[in-house]
Amino acid sequence: MSSNFPELERFRLDVLANPDMQRTLRETDDQERFVELLVSLGSERGYRFTAPEVEEALRTSWRSWIERWID
Amino acid sequence: MDRLMDINLLDGWVPLRLYWHEKGPAIDWCYLGARAFTEPFFDQTIGDCLRHPFNLLFRHQTPIEVLQQRYEMHPGIKPTGFIFHMSRSGSTLVSRMLASLSQNIVISEARPIDATLQAHFKSAEVSEQDRIAWLRWMVSALAQQRLGGENHFFIKFSGWHVLELPLIRKAFPDVPWIFLYRDPIDVLVSEMQERGQMIPHVLHQSLFGSDARLVVAMEPEEYSAVVLAAICHAALSSRDNGGLLINYRQLPDAVWSAISEFFSVRWTEVEKETMENVTKIHSKMPAGVFQQDSSRKREKATEQVREAARRWLYPTYEKLESARLGQTMRSSSEEIERPAI
């Protein structure tokens with residue numbers, strides 16, 4: 001998944017290699033809480049990205065899923 | 001694209017898409033964890049998972065070879081039985097009844113299986129051997145235990161997949177399969193009310209051996225009848241190769257009798273009751289009750305539907321009925337002549 005937000009993308013790849021962080025992030029299905037959690041976990045590990053960047057990435061991902069789904 | 005990943009990182013993930021990356025065929029994976037496939041269709045389960053923000057943002061993307069590595073290290077449960085169908089003939093009821101028991105994994109019309117069977121249309125470099133291997137890997141990835149106690153694994157294929165039965169049998173020569181069919185007028189009426197795969201060009205024309213120019217000129221009823229006839233003919237031609245024919249009229253009882261016996265599975269009385277409770281709910285519309293609705297469907301049949309059914313479908317339907325009624329006593333196969341299109 002490419003991203004317009006390089007720090008967020010680097011953290012995303014970090015999470016994909018870390019089942020513990022994945023478990024933590026799966027604990028909430030509330031999007032607002034999820035965004036807060038992601039920004040917080042990223043910050044703890046030295047990644048700098050913002051909540052609006054995560055929200056934009058979620059919207060982009062949703063659009064791309066829809067496009068693939070009807071492909 | 002993750003080429004050098006620890007494949008154990010994919011524990012709990014399922015392939016949800018086969019696609020062509022610039023470096024070759026690739027797989028998108030979605031986290032499913034301990035969630036079972038309880039919705040009527042694979043897409044519905046995946047769609048529900050994608051509502052979770054984690055799954056929107058995090059997915060593994062791997063080359064198809066990672067599927068092979070998973071297959072070799074985590075083969076999953078050997079398929080118990082395959083369900084093919086004419087469409088609109090009770091297959092969703094059968095798959096939902098089986099899915100009501102927690103020991104059963106039931107995958108219904110999975111998009112990644114469909115993409116695997118159609119892979120040669122996406123790339124001419126994909127050989128039959130590739131598709132056979134990929135199908136084994138894909139099925140294996142979907143056959144993983146999620147709750148811990150699963151010991152049966154059923155796949156309900158999409159309607160047209162029966163046309164690929166010879167290839168599917170090469171991939172899984174020992175897996176028994178059933179083919180569900182129904183009176184052609186009932187199927188056509190249902191199809192005209194809510195069209196699925198029977199829209200021209202949704203399915204690759206070469207699958208049906210039909211001339212694209214002729215298809216364009218066909219009325220919807222006739223086109224649907226031609227596609228359905230090809231599907232029924234494919235099942236009829238392969239019936240001696242590990243198959244059992246089931247008419248919609250035999251449902252739901254056949255699920256815990258003929259079908260279960262054919263798939264070599266046994267159910268307790270409590271399990272039968274659980275499955276029977278599913279029949280009280282409409283397979284695709286949970287608010288409604290399942291009931292045989294053939295007479296109502298026949299009342300809605302237009303003259304075009306009746307003519308298309310008579311011309312294209314009844315000859316094969318009658319052969320299916322004859323074969324079904326004789327399938328326990330038949331000793332040798334006969335050459336089935338395919339209707340000319």
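By convention in this document, chain letters (A, B, ...) are assigned in the order of the sequence lines, proteins followed by strands, and residues within each chain are numbered from 1.
- Taking the centre and axis of the six-membered ring of Trp65(A), the NZ or CZ atom of Arg59(B) falls inside the cone set by 45° and 6.0 Å.
- Under the 4.5 Å side-chain criterion, counting only non-hydrogen atoms from C-beta, Arg51(B) is not in contact with Asp29(A).
- Rounding to the nearest 0.5 Å places CG of Leu38(A) at 6.0 Å from CG of Leu57(B).
- Note: Thr24(A) OG1 to Phe54(B) CZ = 10.0 Å, rounded to the nearest 0.5 Å.
- Atom-to-atom distance recorded for Tyr31(B):OH and Gln22(A):CD is 8.0 Å, nearest 0.5 angstrom.
- Within the structure, the salt bridge (charged side-chain N to carboxylate O under 4.0 Å, His left out) test picks out the following pairs touching residues 48-64 of chain A (sequence neighbours left out): Glu56(A)-Arg59(A), Glu56(A)-Arg63(A).
- A donor-acceptor pair under 3.5 Å is formed between the side chain of His52(B) and the backbone N or O of Thr28(A).
- Proximity to chain A (any heavy atom under 4.5 Å) is restricted, for Trp13(B), to the side chain, taken from C-beta onward.
- The backbone N or O of Phe58(B) sits nowhere less than 3.5 Å from a side-chain atom of Arg12(A) that would complete a donor-acceptor pair.
- For Asp28(B), the part lying near chain A is the side chain, with the backbone staying farther off; criterion is any non-hydrogen pair under 4.5 Å.
- Considering only heavy-atom pairs separated by less than 4.5 Å from chain B, the leading option among Val15(A), Val35(A), Asn18(A), Val54(A) is Val15(A).
- Heavy atoms from other residues, nucleotides or ligands lying under 6.0 Å from CD of Glu44(A) number more than 12.
- Within the structure, salt bridge (charged side-chain N to carboxylate O under 4.0 Å, His left out) pairs that include any residue of residues 129-146 of chain B comprise Arg131(B)-Glu164(B) (at least two apart or interchain).
- Environment of CD in Gln145(B): crowded, with over 12 heavy atoms of neighbouring residues, nucleotides or ligands closer than 6.0 Å.
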